[in-house]
Structure formats: C-alpha cells, structure tokens
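Here the structure is laid out as structure tokens; the discussion comes afterwards.
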Amino acid sequence: MTDSLPMRSDHCGTLSVADIDRRVAVCGWVARRREHGEHLAFIDLRDHTGLIQCVVDGAHVLRSEFVVRITGVVRARPEGTVNPNLGTGAVELGECEVEILNIAEPPPFQLDERVEVDEMVRLAHRYVDLRTDRMQRNLRIRSKVNASLRRAMDDQGFVEIETPMLIASTPEGARDFVVPSRLTPGSFYALPQSPQLFKQLCMVGGIDRYYQIARCLRDEDLRADRQFEFMQLDTEASFVTQEEVLAFISVAVAAAVREVTGQELPEVPRMTWHEAQERFGSDKPDTRFGMELIELTPVFANTEFNAFKASCVKGIRVPGGAEFTRSRLDDLTERAKRWGAKGLVWMRVRAEGELDSPVAKFLSPEELAGLVATTESVEGDLILLVADERHAVCHVLGLLRLELGRPPVTDGGLQFLWVVDFPLFEALDDNNNPIPAHHPFTMPHAEDVELLDSGDPRDLLKVRSQAYDLVLNGWELGSGSVRIHRGDIQKRMFSLLGIEAEEAQEKFGFLLDAFRFGAPPHAGFAFGIDRLVALLAGEENIREVIAFPKTQSGHDPLTHAPSTIDAAQLEELGLRVLPPKKD
RNA sequence: GGUCCCGUGGUGCAGUUUGGAGUGCACGCCGGCCUGUCAAGCCGGAGGUCGCGGGUUCAAAUCCCGUCGGGACCGCCA
C-alpha cells in the first residue's frame, strides 16, 4: 500500500457514473478474468456488494478467488462496451494497480449460479459457499429481519431478556439435548426447547412485556423446515388477551415483511382450527391455492357401495387431472395408503359429466350426479375420494392436495393466516385421559370451561383452547396461547391430564410455586425466524438461510460434528460410553 | 421406526431400461495465442477405485444382495 488511499475507499458494487474520475481503492475476490494478450485483461472483482470490472495490464498472476486490492480511476466504459446485465456495467476501473493480499487455490465448486452444486460439497466448504450471491443475499435478509423484529418489539414496549441455555430437563415435549455436569457427575443440564417456562416466570416478575430472539434446540429428526437448533422470536405479555397478542405479533411480522419486500402486509386473515381441518385437511393450510376438501358424506349417506359406508366421505377435484396415467393414479393410491387411507377412489370426468372409474358401476345414478354437482366438476377433471373416519379422511386428502397442487415456494405471494380455536386436547389415551394439543399451561376457551366437568371424556375433545398458530404458505411459523395463571385451574388441568399433584410438583414445581406469589394473566407467542426468512428469501429449505446448518442426519460436513471426545474428558464428566448397538 | 429418490474426473450432467475396452457433453483447471471482453474467443493438455463390499456372468457404471453417504416425505417435533 504505497498510495494515500485507505485500504478500501469504496465497495465494488456501489461504483457508478457519479464516481467518474475518482481514484478509488477496492478490495475483494477475483470472480473472473478475461485476458486479451500480454497487455490487456479484465478482472471482475467481487465483494458483498457486487462486481466491478477492472482493466489491468496483464493478469497472468491472478487466479480465481485471489484476494486483491485494486486501486484505479473510475471511468465511463467506451461506447458499445456497456454491460446492462451488471449493476456497475456503465463504468470500469482504469489505470489499475493490483496488490495481491492473498493467493487462493481454485475453489472446490463454481461460484456462479448457473448450476446447482451438491449441498454436501457446499457445506463442506461453506466459507466459500457463503461468497455466492445467494448466500450473501439470504444472510443479509436474515439480518434485516432480526433487526426489524427487534425494533418492532422495542417500539411496542417489550423488554429483551436473555434466558439460560443450561436448564433442567423436563420430560414433556420434544427430546432434549443434554449436557453432562462436571461438578455434579451423573447429572445433566438440558438445552432449552424454548424459553417457555422462563418467560412465564418473567411475567410473574413484573417484566410485563418480554421478548427474545432465542435459540431453541430439539433433538428430533431433521427436515427441510427443521434443524436441531433454530431461532424464534419469543414473546410474552401480561394483562393482555389473545387479540392483543395477535396484534403485536402482526406488527412485528409486518415490519419484517416491509423491511425485506417493501410491501405493506394486509391484515392477516383468520380461520378456526376446525375449518382448517375440514377445508384443507391440515392445521397449517397452504392458502395459496384452492383444491379444497369437498364434503361428500351426504351424497353417499344411503350408498350400497361398501367402501363408502363410512362416517365420512370427502374428495378433492384436480383440474385437468383426467390426463393422469393409470400408473400415476396407482402411485397416488399407494401414497394414500401409506398415509393411512384404506384406499383411494379416482374418477375421471368425461364429457357431459360421465365418470370413468373402476367403481362407477357400484354407485347409483343419483350418487354419480350428486358427486359431479357437489364437486362442480367439469370435463377433464379428476376426482379423488377417501372414505374413513373424519380425521383420517381429512389428513390423507390434505396431503394429496399438497402433493398435487402445491405451487413452488416463490409463487403465490406471502399468504399469512391465523389459525385460532385449537382444541385443548387432541385425543384420548388408552386410559381415557386426554392428550394435550399444546402444553398443559394453555387456558381453555372461556365458553367451553363447563365441558371440562361434564364427566364424559368425549366432551373434553370439544373443548377449545385459547391457542393460536401463525401459518405462512403452509408452513407453521409459530404458535402461542393464553396461559393458565391461576393455581386452581392449573390443578384441574393436571388432574384431567392424569398428572398427579406430586408429579406436577416434581416436573413444574418452580412454575407452580411462582404462581402462588401473584401471577398476572398473561399470554404469548413464538415464531420461527428461520422459516420466515426462508419464505421471504424464496427458499424451499431453511438450510439456505442458516450460515452453518447440519445435514438431515445431524452432521456438519464442515466441522465434522458430532465427534467423539477423549477418555480424559469422559473421566472428568464421570461418563462411560457403551459399545455401539449391533441390532 | 418407515417409504421413495440420488451417488459417473474438481463441478454439473448423459450413459444404466436392453451387460461388451472409462465412452460423451458443458463448466472449471494447466499451457499457448489473442488490445474491449463481460458465461470472452481459438488451439493444445492433464485429470476417473463409475460411493464402498460381495454375488451372477466369458464380460458389470449397467443385473442381484448388502452397506455407507446425501435428499424429500410419513411417524416424531407438548
């Protein structure tokens, strides 16, 4: 550095005609070089802002991904050489002096976006992968989302509080990650699945409005939308109702959407859990497309067809699906069976409402006509029908609907949805004890409280809770509830769940104790930031918006975690490792 | 725990159905030529345990069995 400029005076992607005649210093990586003999070469220099073409006198010593500092004068490109595909395409850097700050081996894969490189290769060299436009863009979107969420919560009077990462394990919910205690051998901390209990303690502590961008950990199988560790905007507020929670979360989400897209989020529509199940066969409906579940039970109420003598018959209409080949239909039938259906009935709609189906001959003319009328089918459609218990029918058709109709992640815009009035219990176990749909601190709906004492276990399944989910394009972004803040209701709940007082005290004693010392009414919500960012970035997979994610089997190809630890570490922790299982 | 898909020079693919010499394409890499390119161009070159192991066969990238790795989904994720 022999010139008077700083190491870097400008960023590559920001130079424009406004900078013409300025002498600048830019730093970055060699993205591409184009040599034209001994005395002319073009270097595309890249930093996080973009590319700038540098005209240099011979580039034979420069290679891809070398780290260089180039000083030069910004000038307009000669006529006819402007590149409209490049942000800085109207200018270039001339009279260049090149300083090699570091050499680099050829990258293990190509950094341009023309080919989709195998994700293992990318993850094994994530530090190179992060240089791509895609990862730069995604991580910067993520940073903006975090900042806008913080601002939105601060502006609404929320206090950011950090809760511990090393906590007591509770047996409920997901599988815990555990950490052995050195000072208390044989004892373990758990890493938090969420700050749930601590944020409720904050409410007892008079914090009034709490939030945290919190890391949560769950040792469950990974998916496109699930990693072991993930980030949530976690919130809780005192002296509020469900309405106020939906409102302040909507403000935060709208702030993130505005920050990334520049668009104002319209008011988020609502749907009851029951309606979501009936119309979409899911508690997280993807409302970007139709193909809704159609109620057909009345059409087949008096049917002679054995397969339709069920408590529920529903169908979906697949526009244009009459073209499906027999093998495609067989494949769908197989899938439906794997998802729990007894079978799948398909009908191709021909001209004038005639139905082409192996089972058409078992149905009466009235039933066939009713089917066409109710589904509003037209020639060329395919009707898929499932008959079974209501829950199974909705579940299978909901999955079929997604399989056949779900648009690509970048299509259909951002369709947010509040799903409200979740049931308090999702089913009864073998002892007729209800299984909670949410956690056991969820407040039942005020109008349904009397059902808790009816004595009929089936009535329990009708009890709605003050629990609500936020859904975006068919992904569950997050969920929340109004909590039980009174000891007497909480005891009643534990008793319904078949949890003895002693057991409750052992598992949640500190929370129950706290509730004896003046717990305010409170409610909260938490939603997954990885999922929100992925959908805002147009990514199918949250790994694309996480700097250093893990593979589906929980491995990190970069650091090779998880790894063994040496005998001395085990000894110190009082641990012994069993030999691997040989099935 | 289960179902399905994928694995071929550094990268992305084709080749596998119907077995016949590691065959092909594009990018990248190395060398040469080239004074306005921008996915530069032209010429030349190097680079392979066809994931791994076993089987069938005169012969296996190709067929069979097993296994490892990756991915999508069901279960699971209060």
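Only a predicted model underlies this, so the values are computations on that prediction, with no experimental measurement involved.
Checked by distance alone, A:E79 brings no side-chain donor or acceptor within 3.5 Å of a matching partner on the base of B:G36. Put simply, the side chain of A:E334 and the base of B:U3 share no donor and acceptor less than 3.5 Å apart.
On the P atoms, B:A61 is 13 Å away from B:G53, given to the nearest whole Å. Here, B:G47 and B:C63 have their P atoms 29 Å apart, quoted to the whole Å. Atom P of B:G36 sits at a distance of 30 Å from the matching atom of B:C25, rounded to the whole Å. When the P atom is used for both B:U37 and B:A26, the distance is 23 Å, rounded to whole Å. Only the P atoms considered, B:G24 is 16 Å distant from B:U16, to the nearest whole Å. Nucleotides B:G15 and B:U62 place their C1' atoms 9 Å apart, quoted to the nearest Å. Taking the C1' atom of each, B:G12 and B:G28 are spaced 10 Å apart, rounded to whole Å. Across B:G51 and B:A14, the matching P atoms stand 14 Å from one another, rounded to whole Å.
Salt-bridge formation is detected for the pair A:K550/A:E229: a Lys NZ or Arg NE/NH1/NH2 atom is positioned less than 4.0 Å from an Asp or Glu carboxylate oxygen. Residues A:K199 and A:E236 are paired through a salt bridge, judged by an N-O separation under 4.0 Å between the basic side chain and the carboxylate. Using a cut-off of 4.0 Å between Lys/Arg side-chain N and Asp/Glu carboxylate O, A:E544 and A:R122 are scored as salt-bridged.
Partner assigned to B:C34 is none, using Watson-Crick or G-U wobble distances below 3.5 angstrom. Look at B:U67: its Watson-Crick or wobble partner, with both distances under 3.5 angstrom, is B:G51. Shown here, B:G19 forms no base pair; nothing in the strands shown gives a Watson-Crick or G-U wobble contact with both key distances under 3.5 Å. In this structure B:G45 sits in a base pair with B:C29, meeting the Watson-Crick or G-U test at under 3.5 Å. For B:A78, there is no paired base (Watson-Crick or G-U wobble, both distances below 3.5 Å). With a cut-off of 3.5 Å on both Watson-Crick or G-U wobble distances, the partner of B:A72 is given as B:U3.
Taking atom CG of residue A:N85 and atom P of nucleotide B:C38, one finds them 11 Å apart after rounding to whole Å. Rounded to whole Å, the distance from NE2 on A:H555 to C1' on B:G70 is 11 Å. Straight-line distance from the CD atom of A:E403 to the P atom of B:C5: 14 Å, rounded to whole Å.
Using a 4.0 Å heavy-atom cutoff across all strands shown, A:E116 reaches sugar-phosphate atoms only and no base atom. Counting non-hydrogen atoms under 4.0 angstrom, A:D118 reaches the backbone sugars and phosphates but no base.
Between the side chains of A:T333 and A:R335, no donor-acceptor pair is found at a separation under 3.5 Å.
Side-chain N/O atoms of A:R34 include none lying less than 4.0 angstrom from OP1 or OP2 on B:U37.
With B:G12, B:G31, B:G36 as the choices, the nucleotide that has an atom nearest any side-chain atom of A:R63 turns out to be B:G31. Nearest nucleotide to the A:R33 side chain, out of B:G36, B:G70, B:C30: B:C30. Residue A:R75 places its side chain closer to B:G36 than to any other of B:G36, B:C34, B:G69.
Close placement of the A:F508 and A:F441 rings is indicated, their centers lying within 6.0 Å of each other.
Closest-nucleotide positions on RNA chain B for A:E38 and A:V117 were compared, and the one nearer the 5' end corresponds to A:V117. Heavy-atom distances to RNA chain B give each of A:D112 and A:R77 a nearest nucleotide, and the one nearer the 5′ end belongs to A:D112.
Between A:F422 and A:W273, the ring planes lie tilted relative to each other; the angle falls in the 30° to 60° range. Between A:F177 and A:F228, the angle of the ring planes goes over 60°, which puts this pair in the perpendicular group of the 30/60° scheme. The aromatic rings of A:Y127 and A:H125 sit perpendicular to each other, their planes meeting at more than 60°, with 30° as the lower class boundary.
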(request) Treat primed atoms plus P, OP1 and OP2 as sugar-phosphate and everything else as base, then score nucleotides 71-78 of chain B 5' to 3': B for base contact with protein heavy atoms under 4.0 Å, S for sugar-phosphate contact only, - for none. (result) BBBBBBBB
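At most 12 non-hydrogen atoms from other residues, nucleotides or ligands lie less than 6.0 angstrom from CZ of A:R215.
An aromatic stacking contact between A:F109 and the base of B:U11 is absent, as defined here by ring centres under 5.5 Å apart and ring planes under 30° from parallel.
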